Amino acid sequence: MANYLEALALVERLHRLLLDVIKDEFERVGVLEINAVQALLLFNIGENEVTAGELKSRGYYQGSNVSYNLKKLVEAGYMHHQRCEIDRRSVRVKLTPKGREIRDVVAQLFSRHAEGLESRGVLGPEGIDDITVSLRRVERYWTDQIRYIY
């Protein structure tokens with residue numbers, strides 16, 4: 001039980017630390033108009049055209065959180081939005097050139113980190129693969145708990 005609780009705390013701390021790392025990078029390059037959550041949202045959308053519901057269903061964001069951030073990103077010119085022709089309640093969003101610039105900053109940051117982890121001997125490709133496999137198993141287990149156990 002103690003190891004499980006430590007792992008849970010570590011996952012939570014790593015997420016907050018990731019947001020801090022992104023925030024620091026944006027301060028370094030002089031982008032102060034958006035926050036780390038919004039930058040990560042732009043990175044995760046990438047070249048796709050999506051709805052807020054799709055982002056929520058993929059498990060990336062909670063509903064109110066994603067709606068608020070998408071609205072702010074559209075207002076700031078980082079995303080285009082367009083009502084769906086079939087379902088007028090649904091809005092599809094995609095990155096503008098300004099949004100793609102932000103996505104590229106995050107991608108370059110992540111690339112530097114991946115290279116740094118390996119070059120400093122912190123974690124190689126096999127270690128990343130092991131962590132990813134383990135985290136996917138936990139994700140699958142938790143998802144099953146939500147769906148099948150009351």
Side-chain angles (χ1 to χ4, degrees), residues 1-83 90-146:
M1 177 70 168
N3 287 342
Y4 178 66
L5 294 176
E6 184 179 355
L8 291 176
L10 184 57
V11 167
E12 188 178 354
R13 280 195 316 270
L14 285 171
H15 176 68
R16 284 194 308 267
L17 189 56
L18 172 63
L19 295 176
D20 286 344
V21 165
I22 293 169
K23 177 182 162 281
D24 287 350
E25 177 70 5
F26 278 78
E27 287 175 357
R28 189 184 66 74
V29 298
V31 176
L32 306 174
E33 188 176 30
I34 64 171
N35 64 40
V37 170
Q38 292 165 343
L40 198 53
L41 181 63
L42 292 171
F43 176 79
N44 285 327
I45 291 172
E47 291 298 320
N48 300 310
E49 184 175 302
V50 297
T51 66
E54 289 169 336
L55 289 169
K56 185 179 176 221
S57 68
R58 291 179 194 175
Y60 290 142
Y61 304 93
Q62 294 179 332
S64 61
N65 187 11
V66 73
S67 297
Y68 169 82
N69 283 309
L70 288 176
K71 179 182 175 194
K72 291 296 182 185
L73 290 166
V74 167
E75 288 172 358
Y78 291 99
M79 302 187 80
H80 291 296
H81 75 290
Q82 180 177 357
R83 291 236 173 256
S90 181
V91 176
R92 300 199 64 76
V93 295
K94 66 180 180 178
L95 304 187
T96 64
K98 187 176 174 182
R100 287 192 293 277
E101 288 175 16
I102 296 299
R103 182 211 49 215
D104 291 346
V105 169
V106 176
Q108 291 165 8
L109 172 67
F110 289 170
S111 179
R112 284 195 319 270
H113 287 176
E115 291 169 12
L117 285 169
E118 189 168 354
S119 69
R120 293 183 181 168
V122 176
L123 204 55
E126 299 83 19
I128 293 286
D129 289 345
D130 291 344
I131 289 170
T132 303
V133 166
S134 295
L135 290 173
R136 281 194 181 128
R137 287 179 182 157
V138 171
E139 178 185 34
R140 194 172 317 118
Y141 176 78
W142 285 350
T143 301
D144 289 347
Q145 296 304 300
I146 293 167

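This is a predicted model, so every value here is computed, not measured. Below, all heavy atoms of this structure are taken into account, side chains as well, without hydrogens, waters or symmetry copies. For the single chain, residues carry numbers from 1 onward in sequence order.
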Indicate the atoms forming the closest heavy-atom contact of N48 with N44, along with that distance.
ND2-O, 4.4 Å
From L8, L10, N3, residue fulfilling side chain to side chain contact (heavy atoms under 4.5 Å, CB included) relative to E6
N3
Sorted by first residue and then second, give each side-chain hydrogen bond (donor to acceptor under 3.5 Å, both in side chains) pair with at least one member in residues 99-110; sequence neighbours left out.
E47-R103
Listing request: all ring pair (Phe, Tyr, Trp, His ring centres under 6.0 Å) pairs with a residue in residues 17-39, at least two apart in sequence or in separate chains.
none
Please tell me if the side chains of I102 and L95 come closer than 4.5 Å, counting only heavy atoms from C-beta onward.
no
S111 side chain to A107 backbone, donor-acceptor under 3.5 Å:
no
Quick check: do V91 and L70 have side-chain heavy atoms less than 4.5 Å from each other?
no
Test side-chain contact (heavy atoms from CB on, under 4.5 Å) on V106 and L42 and set out the steps.
CA-CA 9 Å; V106 176; L42 292 171; over 6 Å; no
Below 3.5 Å, can you tabulate the donor-acceptor pairs from side chains in residues 73-81 to any protein atom, sequence neighbours excluded?
residue : atom : partner : partner atom : Å
Y78     : OH   : E33     : OE1          : 2.7

Flag, side chain of R92 to backbone of Q82, donor-acceptor distance under 3.5 Å
no
Across all chains, not counting sequence neighbours, the side-chain hydrogen bond (donor to acceptor under 3.5 Å, both in side chains) partners of E25 are R28, R112
Contact check, side chains of L41 and I34, non-hydrogen atoms, under 4.5 Å:
no
Considering only distance and modelled atom types, tabulate donor-acceptor pairs under 3.5 Å from the side chains of residues 11-23, sequence neighbours left out.
residue : atom : partner : partner atom : Å
E12     : OE2  : R16     : NH1          : 3.1
K23     : NZ   : E27     : OE2          : 3.1

E126: partners by side-chain hydrogen bond (donor to acceptor under 3.5 Å, both in side chains), with sequence neighbours left out
none
